[in-house]
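Working notes for the structure below.
In the text below, chain A, chain B and the rest are named by the order of the sequence lines, each starting its count at 1. Scope of the values below: all heavy atoms of this structure, side chains included, with no hydrogens, waters or symmetry mates.
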Amino acid sequence: MGILGGWFASDDEKRKEEVRSGARAPDRTERKQCWEARDGFYRCLDKHDVTDSLNGEGKKTADKHCAAENQAFEQNCATAWVTYFKKYRVADLQKKQMLARLEKEGANKVQGDMPIGMAKR
Amino acid sequence: MSRPLVPSNPLLRSLLQQARPRQQPQPQPQPQPQQQQCRRRLLSSTTRAQAPTTATATLLFSPATRSPRQTPKTSGAEQRRYKSKTVEEQRSRYRTGPFSWKAGLLFVAAGCGLAWYFEHEKQRMQRRRVAEATKGVGRPKVGGEFELVDQDGKVFSSADLRGRYSLVYFGFTHCPDICPEELDKMARMFDLVEAEKPGAVTPVFITCDPARDDPKILKTYLAEFHPAFIGLTGTYEQVRDVCKAYRVYFSTPKDVKPGQDYLVDHSIYFYLMDPEGDFVEALGRQHSPDQAAKVILDHVKDWKK
């Protein structure tokens with residue numbers, strides 16, 4: 001049993017490692033796990049008022065206070081996804097700030113989403 | 001010679017005889033109003049005369065008229081008896097004019113019907129304009145011929161999409177968040193369309209990442225979203241060409257080392273293509289599955305061939 005359990009565990013670990021390295025695309029449950037870990041990390045960043053967790057002051061604060069969340073994030077997501085989501089957070093918040101600023105300046109809101117939908121995905 | 005043209009004397013006579021009885025009754029109603037007028041004049045003179053003099057004066061005239069107290073009322077009604085039968089009917093007609101609730105209802109119903117019809121036709125023409133914007137010569141062309149491999153490893157070309165509408169989406173299996181969301185959405189809109197028009201639309205997923213997405217990976221990936229989805233992949237050149245044909249921004253690196261992780265930039269639209277393989281409309285993030293399904297169904301219903 002112990003051997004079998006160990007074999008299963010290593011198989012699961014191998015799969016996770018493949019997902020992390022990008023050798024295998026995550027399935028639905030793995031995506032969900034990753035998104036949950038990401039949201040946990042985001043919540044921690046929100047709590048400490050960090051937008052950019054990759055550079056400068058933000059990185060220092062994130063490393064200090066959100067190390068556990070970051071570890072879970074990296075554990076459950078592909079490395080490329082982790083970087084993507086960290087960058088996306090910055091871009092997304094900048095976009096929201098920009099929209100809020102434009103709205104305050106009285107810009108007209110165009111119906112619908114962006115005219116040309118592009119996303120790094 | 002011209003005998004048949006000249007009417008015979010007995011025929012003319014009979015015609016005249018027929019015409020005469022019809023003319024005769026006409027003068028009859030005319031004297032009546034005159035009589036009534038006379039009667040009214042008499043009555044008015046009597047009422048005037050009645051006040052200062054004795055009741056005998058009224059008695060003298062009363063046999064000629066009917067009951068003296070009722071006559072002013074009835075004579076008024078008698079004058080208009082060709083239009084209405086009772087005073088109440090007459091009054092109500094006077095109050096509402098030529099409009100009744102029936103006429104009003106008919107007017108409103110006709111108005112609503114016409115408004116609906118014009119709106120319906122306007123939307124249809126709008127859709128037709130959108131659908132035909134890419135047809136004919138000198139129009140921007142989206143889509144085109146391609147030859148790829150499906151999730152079972154079989155050759156799949158653009159010819160396999162002819163005869164039905166197709167909903168084409170570009171993505172890749174390592175896509176972090178938008179593709180899975182959009183594919184779930186695509187599954188929902190496909191089910192909605194399928195419920196109303198079975199077999200009208202073919203759902204197609206084309207990978208932008210041929211280096212990592214082989215048929216087997218596509219098969220397991222797409223099975224999580226919808227069993228009917230067709231997943232297409234191919235060589236780097238084939239995929240680059242199909243992306244170019246569909247005007248999809250394509251940034252996949254050409255030479256990827258094994259195990260190297262990367263993400264791909266790509267457009268995130270659903271391309272609705274008609275049964276002839278011409279581009280109809282792009283459905284984006286702003287459309288909910290229900291809205292998108294409605295757009296697709298409207299186009300499907302417009303198609304007559």
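The two residues Phe85(A) and Pro176(B) make their nearest non-hydrogen contact at CZ-CB, 3.8 Å.
Heavy-atom contacts from other residues, nucleotides or ligands closer than 6.0 Å to NZ of Lys301(B) number more than 12. Crowding of Glu181(B) atom CD: a count of heavy atoms from other residues, nucleotides or ligands under 6.0 Å exceeding 12.
With Trp81(A) contributing its side chain and His174(B) its backbone, the two residues share a donor-acceptor pair below 3.5 Å. With Arg31(A) contributing its side chain and Pro180(B) its backbone, the two residues share no donor-acceptor pair below 3.5 Å.
Between the CZ atom of Arg28(A) and the CG atom of Asp184(B) there is a distance of 4.0 Å, given to the nearest 0.5 Å.
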